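Since the structure is predicted, the reported quantities are computational estimates derived from the model, not experimental observations.
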Amino acid sequence: MKIIARDIPPRAAWALEQAGLHPLLARLYAARGVHTSDELDDSLSRLLPPSGLQGVQQAAQLLADAIASDQRLCIVADYDCDGATACAVAVRGLRLLGARHVDYLVPDRVVDGYGLTPPIARRVKERGADLLITVDNGIASCEGVAQAKALGLAVLVTDHHLPGAELPQANAIVNPNQPGCTFPSKSIAGVGVMFYVLMQLRAELRQRGVFDAAQQPRLEPLLPLVALGTVADVVRLDANNRRLVAQGLKRIRAGQMPPGIAALLRVAGRQAPLATTFDFGFALGPRINAAGRLADMTLGIECLLTDDAAHADHLAQQLDAINRERREIEGGMREQALLLAEDLFGAQDEPPPAVSVFDPDFHEGVVGIVASRIKDKLHRPTFVFAASGAPGKEHELKGSGRSIAGFHLRDALDLVAKRHPGVLLRFGGHAMAAGCTVPAERFADFEQALAQVAREWLDAATLTRRLETDGPLAPEWRRADLADTLQREVWGQGFAPPVFSEEVDILSQRLVGERHLSLKLRHRGEPVDGIWFGRTEPLPARALLAWRLDVNEWRGERKVQFVVEGAQE
C-alpha cells in the first residue's frame, strides 16, 4: 500500500477559513474540491431544480392524469436499499399527493432476477394496475416494458443506471444518464430520482389548481429515506447529493423520521440525535439489504412504510436477525472465495489483473458483498459467482462484481460480450459495481476474457493500492469534540471521510477478540490509543499509519483514539 496525502489548495482553504469554518474543516473541504462556503450551503433552496431532468414533465403529467382519474398505480422496485427506499418514497409520496390506489411489487432476487421482466409485467397486470412505475430499475428492461405496454399498461421508468444501446418504449423515462439529459447530478441515486419526480408532480398539481403553495403537501418528511438510500447505494456524493443527505440527517437528528428508520437505529444500537452517514452505510443499509439477499425485500419496504412504531420494531428485529445470518454466510463464503482466488497465483506472485471465482456452494444473495471484500483485500476487479437458484436456470451462474479506480466494470463487460458472443447472457451496472449471468460451461471463458481486458486497461500504477489521506494531524486538533464534529459532516463515496497519516511510534500492541490489533501509540510526543480492525500481523516499532480520528467511550469516559486504515508498505 502506498499512502498519499491529498493536495490542499491554500487559497481555497484560506477562503473557507475566512468564511468562518474551523481551520481543520476548511483544510478538509478544500482538499475535496470545495472553493467557497457557498458550496457548503445545504439548504433545500439550493437543490437542483427538477425541471432539469429530461422526461420529468411528461412523468408528472402522466402521474397527475392517473391521480385525477383514480387509476391504480403499481411500483416495481429493486431488491437493494436504494430500491427499497425509492419504493417507500414513491408509495408515501404518491399517497401524500392524492393517489388513492398505490401498490408495489418487488422481484425475488433468485426467482425473478433483476428489473422489470415480462413475467413481472404480467403480475402487475394481474393485480389490476393501470400504471406501472419502476424505481431504481427499468432503463434496460426493453422486453418487460414492451410486455407491459402490450397488456395495456402505461409505464413510467425512473432509474439512474446506465442505459444500453436501446431504450425501453415507456410512456416516460426519467434517468439523468439517458442520452440527451443535461441534469448536472449524474450520480443521483434511484431514490433521489423518484423524489425529484414527486417534486415535479407536486408542481404540476399546483399548476392544475389541486392545491396552492400554502396548502400543498410537504415532501420534506421523505428526505430521511432519500438520505439513507443515497448513502447505502454508494453513489458519488456530489454537491446535490450531499444536500439531500444533509437534509435527511437533520430531520433524523431532530427525531423527525419514519418509525422504521427509528426502529432500525435502535436495533443497531445507534442514537438518532447522533446519526451519521456511517450509520446509513454500515448499520441501516446492510439490515435492509439483508432482506433482499436472503429473504424477501418486502420486509424491508414494509419496515420503511409502516407508521406503527410497534410493527416497525418487530420488522426491524426480523431484519436484524436476517442480517446476522447474512454475516455468518458471508464469513464462510469469504474464506472459501479467498482460498479460490489465492489458488490463481503463487505465494510470491502478484494476483492476476482481474479475479473471478465460483463455488457450487456459494449463495447468490451474498456474492456482491464477498466480491467487495476480495476486491478490498487483493486490490483487483473481482467477480464472485453462484449457481442460479431460479427454476429452469440451474445451468446459469449469476455473478456480482466490484471494481477499483480506473477500471469501468460495466464497460469491461460490454467489451467481453462483444469479443466473446454467448459468454454473457445478461449484464448491467455501473463503473464500480456490476452484475452478469454466464452459462456454467463458459465460466472459464469469462474468467480469461475479463482478465484480458484488465491486462489491457490496467497498468502497474493503477494496480498498486493507494490510500489518499489528509496528511498530518496537528496535536491541538487531536480532540474528542473535533472527532465528533468530523463525524457529523456528510462524507461518503467521492467525498471521502477524513483520514490522516503520519509516522508514529508503536509503544505496545496486542490482539483483542483474536481479530483486531489494539495499539498504544506515540503521536507528536504524546500517547494515544489505536485500534486496527481485522489486522492480526504485528507492526514495527515505528510506522507510517493512516487513521480516522475517533472517540472511544468506556465507563463514561470519552478518549480520542486512532482507527487505523492502513500502513505504508
Side-chain angles (χ1 to χ4, degrees), residues 1-9 12 27-28 30-33 162 186-187 234-238 337-338 341-357 370-384 400-416 419 429-434 446-472 491-503 532 534-535 537 539-540 543-548 564-569:
M1 174 181 289
K2 191 168 184 182
I3 291 177
I4 299 161
R6 294 184 179 89
D7 288 330
I8 302 168
R27 172 182 146 186
L28 295 172
R32 285 154 181 77
L162 298 174
K186 301 297 183 185
S187 304
V234 203
V235 295
R236 188 170 69 84
L237 291 189
D238 59 19
L338 277 169
E342 287 165 359
D343 282 345
L344 300 174
F345 57 98
Q348 305 305 316
D349 299 331
E350 283 287 303
V355 172
S356 302
V357 295
V370 176
S372 181
R373 302 289 192 264
I374 296 177
K375 180 267 297 182
D376 290 344
K377 185 171 179 65
L378 300 181
H379 192 65
R380 294 293 187 269
T382 300
F383 265 91
V384 176
S400 188
R402 298 294 183 270
S403 197
I404 60 174
F407 191 78
H408 195 298
L409 212 50
R410 188 198 170 278
D411 288 355
L413 291 177
D414 190 44
L415 186 53
V416 168
R419 286 179 174 178
H430 302 286
M432 303 302 285
F446 172 83
E447 182 180 16
Q448 292 166 14
L450 185 70
Q452 179 58 37
V453 175
R455 271 190 287 273
E456 295 167 12
W457 289 6
L458 296 171
D459 56 20
T462 313
L463 290 171
T464 301
R465 190 192 309 270
R466 294 155 58 95
L467 179 55
E468 277 197 315
T469 76
D470 296 289
W491 312 106
Q493 182 71 23
F495 206 79
V499 174
F500 304 98
S501 59
E502 222 167 326
E503 278 203 355
W532 192 339
R535 168 88 176 200
E537 299 87 5
L539 289 167
L544 173 56
L545 299 183
W547 72 84
R548 286 187 290 109
V564 181
E565 299 280 329
Q568 180 94 296
E569 295 172 358

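Here the side chains of Leu413 and Phe446 are in contact, with some heavy-atom distance below 4.5 Å. Looking at Leu539 and Leu545, their side chains come closer than 4.5 Å, going by heavy atoms from C-beta outward. Between Ile404 and Pro381 the shortest side-chain heavy-atom distance falls below 4.5 Å. You'll find the side chain of Lys377 reaches within 4.5 Å of the side chain of Leu338, heavy atoms only. Two residues are said to be in side-chain contact when any heavy atoms from C-beta on lie closer than 4.5 Å; Leu28 and Phe500 meet this criterion. You'll find the side chain of Leu162 reaches within 4.5 Å of the side chain of His408, heavy atoms only. With a 4.5 Å cut-off on side-chain heavy atoms, Val453 and Arg419 count as touching. For the pair Leu409 and Phe383, the minimum side-chain heavy-atom distance is below 4.5 Å.
Of all heavy-atom pairs between Thr469 and Ser501, the closest is OG1-OG, 2.7 Å. Taking every heavy atom of both residues into account, Pro9 and Ala30 meet most closely at CD-O, 3.4 Å. Between Ile3 and Ala567, the closest heavy-atom pair is CD1-C, 3.9 Å. Contact detail for Arg410 and Ala434: the closest heavy-atom pair is N-CB, 4.4 Å. For Val355 against Ala341, the heavy-atom pair with the smallest separation is CG1-CB, 3.9 Å. Among all heavy-atom pairs drawn from Leu450 and Ser356, the shortest one is CD2-OG, 3.8 Å.
Of the possible polar contacts, one joining the Arg27 side chain to the Asp470 backbone as a donor-acceptor pair under 3.5 Å is found. No donor-acceptor distance shorter than 3.5 angstrom exists from the side chain of Arg32 to the backbone of Gly494, with no hydrogens or angles considered. Judged by distance alone, the side chain of Arg236 and the main-chain N or O of Lys186 form no donor-acceptor pair under 3.5 Å.
With sequence neighbours excluded, no residue forms a side chain to side chain donor-acceptor pair (under 3.5 Å) with Ser403. Partners of Arg466 by salt bridge (charged side-chain N to carboxylate O under 4.0 Å, His left out), not counting sequence neighbours: none found. The ring pair (Phe, Tyr, Trp, His ring centres under 6.0 Å) check on His430 picks up His160, His161, with sequence neighbours excluded.
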Checklist entry - Should Gln452 and Glu456 be marked as a side-chain hydrogen bond (donor to acceptor under 3.5 Å, both in side chains) after you check the CA-CA gap, both sets of side-chain angles, and the distance that decides it? => result CA-CA 6 Å; Gln452 179 58 37; Glu456 295 167 12; 2.9 Å; yes

Item to check | Verdict with reasoning, Glu565 to Met1, per side chain to side chain contact (heavy atoms under 4.5 Å, CB included) | outcome: CA-CA 11 Å; Glu565 299 280 329; Met1 174 181 289; over 6 Å; no

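The CD atom of Glu342 sits 6.5 Å away from the CG atom of Leu378 when rounded to the nearest 0.5 Å. For the atom pair Asp411 CG and Asp414 CG, the distance stands at 6.5 Å (nearest 0.5 Å). Interatomic distance, Arg465 CZ to His379 NE2, rounded to the nearest 0.5 Å: 6.5 Å. Atom OG1 in Thr382 sits 10.5 Å away from atom CZ in Arg402 (nearest 0.5 Å).
Atom CG of Asp343 is surrounded by more than 12 heavy atoms from other residues, nucleotides or ligands within 6.0 Å.
Salt-bridge formation is detected for the pair Arg380/Glu350: a Lys NZ or Arg NE/NH1/NH2 atom is positioned less than 4.0 Å from an Asp or Glu carboxylate oxygen.
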